[in-house]
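Have a look at the structure below, then the notes.
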Amino acid sequence: MSSVDPDGGAAAAGVHAGWIVQSIGGTPVSTLLAGIAESTPPRLAQLQAFRLAVPRLRGPSNTTAEVTFIDGAGVPITKSLERRLERGQPVTVGSLPTMFVRVSSAMKPTPGGGHAGVIGFNVWMTAVDPQFQKAMDEFRSADGIVIDLRGNPGGLAAMIMGIAGHFVSERDQLLGVMKTRQSEMKFPANPRLVNAAGDRVEPYKGPVAILVDGMTGSASECFSGGLQSLGRARVFGQTSMGQALPALFEIGCRTATS
């Protein structure tokens, strides 16, 4: 597990990031994963593992899931995890299932004695923008910004232009180009020159780090790869999902550890 929702049932049960899921509801994970071919590339195998495990973890709120972990000391430990209603702002796009948008932000101390603003969100939907803007207004004096896109599978690709504008001052800086047989769509970063109050500001010029994992996909990959290609961010974590729908996004969508 790369992270644990601080407000979720796992955190309440004392589960920590870094623990390994051994069984769910008494079914060993090895049994669930037996159908994944050994020849499957690691990043795709991880995605398939996620899809196989999640239905067993989900269920009606106020019920529980029995999960056995291998903890940080290598010891098996079983926890009863309470299933809770999904948090966040509900958003519906077309015929897709309702998604719940969650944005987190906090100022964190760094080992060198500085402070970094950490912003994370779970899906690219328009409800993210005002909360991201508010966080950036709070973190303009930070020594660095960390954008946590671990577990973020993507969403509305056009949003990457506005979010990237918080970190790019020059116009016409392309994050990438999406091509179809008949058309071409460019994704330039749009510099954000005013804050939420309408006051004139400059985009953030300090260092930017982006965190990704095997469940980072689509718009998250295009955003990360685009800022990385512009030299405006460094990317840390695991090789990302490689599941962006635009197959010819020229500057690069599949993000690797830097």
Side-chain angles (χ1 to χ4, degrees), residues 2-3 6 17 101-152 154-176 186-213 216 218-240 249 251-258:
S2 61
S3 63
V101 175
R102 297 184 296 275
V103 182
S104 63
S105 62
M107 187 76 86
K108 300 286 187 178
T110 67
H115 289 83
V118 181
I119 310 171
F121 54 99
N122 65 321
V123 65
W124 290 80
M125 290 290 152
T126 54
V128 168
D129 189 74
Q131 297 182 66
F132 197 98
Q133 171 77 74
K134 180 181 177 182
M136 287 303 303
D137 289 342
E138 295 176 359
F139 299 154
R140 290 192 186 280
S141 61
D143 299 298
I145 298 292
V146 177
I147 304 173
D148 190 349
L149 297 179
R150 291 175 297 177
N152 187 320
L156 301 179
M159 282 193 62
I160 70 175
M161 298 183 287
I163 298 296
H166 287 290
F167 310 102
V168 176
S169 300
E170 298 180 16
R171 295 187 180 278
D172 300 322
Q173 295 285 294
L174 283 181
L175 297 165
K186 296 181 178 180
F187 289 81
N190 296 326
R192 303 290 284 262
L193 303 178
V194 295
N195 62 16
D199 301 321
R200 181 81 178 188
V201 296
E202 288 294 322
Y204 182 80
K205 298 184 183 299
V208 180
I210 302 175
L211 306 182
V212 300
D213 64 11
T216 302
S218 195
S220 293
E221 294 180 283
C222 296
F223 173 81
S224 302
L227 282 187
Q228 185 182 53
S229 72
L230 293 175
R232 193 59 197 88
R234 295 183 64 190
V235 181
F236 299 88
Q238 300 172 317
T239 300
S240 58
F249 205 88
I251 294 179
C253 288
R254 200 179 86 186
T255 305
T257 307
S258 77

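Note: hydrogens, waters and symmetry copies are ignored here, and every other heavy atom, side chains too, is used. Positions are given from 1 along the sequence.
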Find the distance between [atom1] ([X]) and [atom2] ([Y]) and round it off to the nearest 0.5 Å.
{"X": "Arg200", "Y": "Leu193", "atom1": "CZ", "atom2": "CG", "answer": "4.5 Å"}
{"X": "Lys108", "Y": "His115", "atom1": "NZ", "atom2": "NE2", "answer": "11.0 Å"}
{"X": "Arg140", "Y": "His166", "atom1": "CZ", "atom2": "NE2", "answer": "7.5 Å"}
{"X": "Asn190", "Y": "Ile163", "atom1": "CG", "atom2": "CD1", "answer": "11.0 Å"}
{"X": "Gln173", "Y": "Ser229", "atom1": "CD", "atom2": "OG", "answer": "9.0 Å"}

Where is the tightest heavy-atom contact between [X] and [Y], given as atom of each residue plus distance?
{"X": "Val146", "Y": "Ala116", "result": "CG2-CB, 4.5 Å"}
{"X": "Leu149", "Y": "Ser224", "result": "CD1-OG, 3.6 Å"}
{"X": "Val168", "Y": "Pro203", "result": "O-CG, 3.5 Å"}
{"X": "Ala135", "Y": "Ile119", "result": "CB-CD1, 3.8 Å"}
{"X": "Gly117", "Y": "Met107", "result": "N-SD, 3.8 Å"}
{"X": "Val201", "Y": "Asn195", "result": "CG2-N, 3.8 Å"}

Open item on the list: Take a 6.0 Å sphere around CG of Asp172 and say whether it holds more than 12 heavy atoms from other residues, nucleotides or ligands.
Closed with: no
- [ ] Determine the interplanar angle of the Phe167 and Phe132 rings, folded into 0 to 90°, and report it as parallel if under 30°, tilted if 30 to 60°, perpendicular if over 60°.
- [x]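 It falls in the perpendicular class, over 60°.
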Task: Phe223 and Trp124 aromatic ring geometry - parallel, tilted or perpendicular at 30°/60° bounds - done: tilted
Using modelled atom types and a 3.5 Å cut-off, is there a donor and acceptor pairing between side-chain atoms of [X] and backbone atoms of [Y]?
{"X": "Ser220", "Y": "Asn152", "result": "yes"}
{"X": "Tyr204", "Y": "Phe139", "result": "no"}
{"X": "Asp213", "Y": "Arg150", "result": "no"}

Open item on the list: Evaluate Lys205 against Ser169 for side chain to side chain contact (heavy atoms under 4.5 Å, CB included), listing each step before the verdict.
Closed with: CA-CA 8 Å; Lys205 298 184 183 299; Ser169 300; 3.0 Å; yes
So do the side chains of [X] and [Y] get within less than 4.5 Å of each other, counting heavy atoms only?
{"X": "Leu227", "Y": "Ile210", "result": "yes"}
{"X": "Phe121", "Y": "Asp148", "result": "no"}
{"X": "Pro188", "Y": "Arg171", "result": "no"}

Open item on the list: I'd like to know whether Gln133 forms a side-chain hydrogen bond (donor to acceptor under 3.5 Å, both in side chains) with Asp137, so could you lay out the CA-CA distance, the side-chain angles of the two residues, the decisive distance to 0.1 Å, and finally the verdict.
Closed with: CA-CA 6 Å; Gln133 171 77 74; Asp137 289 342; 3.1 Å; yes
- [ ] Check the side chains of Thr126 and Asp129 for a donor-acceptor pair under 3.5 angstrom, ignoring hydrogens and angles.
- [x]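 No, no side-chain donor-acceptor contact under 3.5 Å.
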